[in-house]
Amino acid sequence: MGNASTPRTLVVNFNSPELNQLALALVNAQALTAYVRPYANKSRLWERTLSELPLLGDVYDATFGRRRLDDPRLAGLTREAGVLPDLLAAAVGRLKLLPAGTRHRWANQLYMSVREGVAGEACRHLADAACVVGYEGFALPAFEAARARGERRLVLNYPVAHHRHRRRMRLEENEREPEFAVTWPDFDDWPAGHEERLDEEIRLADAVLVGSTYAADSFVAEGIERSKMQVVPYGVDLQTFRPSPPESAPRADASEQFRVIYAGQLTQRKGLSYLLRGYQKFAHANSQLTLVGSIVGSDAPLRPFADLFEHVAHQTRAALAQRYRASDVFVLPTLVEGMPLVVLEAMACGLPVIVTGNGPGDLVRDGVDGFVIPERDPHALADRLERLYRDRHLRRLMGHRAAARARTYSWDAYASKALRVLSPSPAAAARSGFPAV
């Protein structure tokens, strides 16, 4: 997957799947110096033992156990840091007896400790690295130390739109949907200077790696040179996320239940209020809405809609794939994204999707694989649900096309393109930018 020109690279991550894939590709290219991140499941004896325990093993497998590194070479090069605050932050987030604001504040303080632990550990692994790839917010110390040591290639991985764009959207939503504001906490209780830290990472980076044109455009709107932006779409695990077998008989008549599914954090950033109101306008006696994911902040905004949906906690990937295959349509009317993997995963399972263009716009062809609707438009969402509800043939046709589309987004393709960002052409290097990928 790699080649001789791939530079020796240090990868600094929080917990993004795309950097897991990039680190593995670097291992295959014999170009990974170290992979620094919080806790990872390396299948050590104690982890295997814990996974086999009754009840507790199920909890572990559905949470931290999911951070599994299957490749022993990658596990051997992985350096964990900030492990204790990482575990404590997850525990605090599940203490429902605490007020939502307190949970969020304590968890953020712990995540700041995770960040400092990972960032500090990364600086101890710079000596052999000609390139540093760092996750948003975790990269600055390594970037600064790399620059001080001489010329290094610095690549910033940004999994979502620019932070100032996110803040503006959140403040607009607080005015439009004040009751949902609690589900979209942001940087208000983070340490002073956090956004400035992100600005400095962007300034130092030779390239900013994002998953969608929407995300890249948000940076350009903030004055970042377009030549610095590198759009590399993420991939999907096509072994886990795949359509139902051909022998599975389709449901026979329109009186059977029409299943709508959403997956992701339950937050207004994902357009939660517009999803609920759109579905409310559409809802039929034989339709069902399932929301899969953790509730952000508080469930208070959801209570008036409680009779409209079933809430399911975060699922393992295999369990989520089964839920997709048992559904008729996936919805994500998101407001701010990078490139949402859940959309690609649902498509890979053969589902038509209803999305906004704010991240998924590069993936979904309107009227082909599903529908791309305007942001903040519950009427449009209800209309597209109604079309799919009434037309089984259209559902099946879009689902087949969606699955075929998803098959072009493999993790191998992502890794191949991302590796090229680490190895710019001489002409591109002379321009202090990177070629389009």
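Remember, predicted model here, so these are calculated numbers, not experimental data.
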Q: So that I can tick it off, tell me whether R392 and D328 are bridged by a salt bridge, with the cut-off set at under 4.0 angstrom between side-chain N and carboxylate O.
A: no
Q: Would you say the side-chain atoms of H163 and E222 include a donor-acceptor pair closer than 3.5 Å?
A: no
Q: Are the charged groups of R197 and E116 less than 4.0 angstrom apart, N to O?
A: yes
Q: Salt bridge check: are R387 and D383 linked by an N-O gap of less than 4.0 Å?
A: yes
Q: Are the charged groups of E200 and R203 less than 4.0 angstrom apart, N to O?
A: yes
Q: Charged N to carboxylate O under 4.0 angstrom, R44 versus E47?
A: yes
Q: Check the side chains of R73 and N28 for a donor-acceptor pair under 3.5 angstrom, ignoring hydrogens and angles.
A: yes
Q: Testing the 3.5 Å rule here: is there a donor-acceptor pair between the side chains of T334 and N358?
A: no
Q: Roughly how far apart are R376 CZ and R176 CZ, rounded to 0.5 Å?
A: 4.0 Å
Q: Does D299 pair with R303 as a salt bridge, N-O distance under 4.0 Å?
A: yes
Q: Flag the pair E310 and R259 as a salt bridge only when some basic side-chain nitrogen lies within less than 4.0 angstrom of an acidic carboxylate oxygen.
A: no
Q: Can you tell me if E196 has over 12 outside heavy atoms packed within less than 6.0 Å of its CD?
A: yes
Q: Taking atom types as modelled, find out whether Y234 and S212 have a side-chain donor-acceptor pair closer than 3.5 angstrom.
A: no
Q: Answer with yes or no whether the side chains of D362 and Y409 bring together a donor and an acceptor at under 3.5 Å.
A: no
Q: What do you reckon, is CZ of R317 surrounded by more than 12 foreign heavy atoms closer than 6.0 Å?
A: no
Q: Side chains of N13 and Y35: any donor to acceptor distance under 3.5 Å?
A: yes
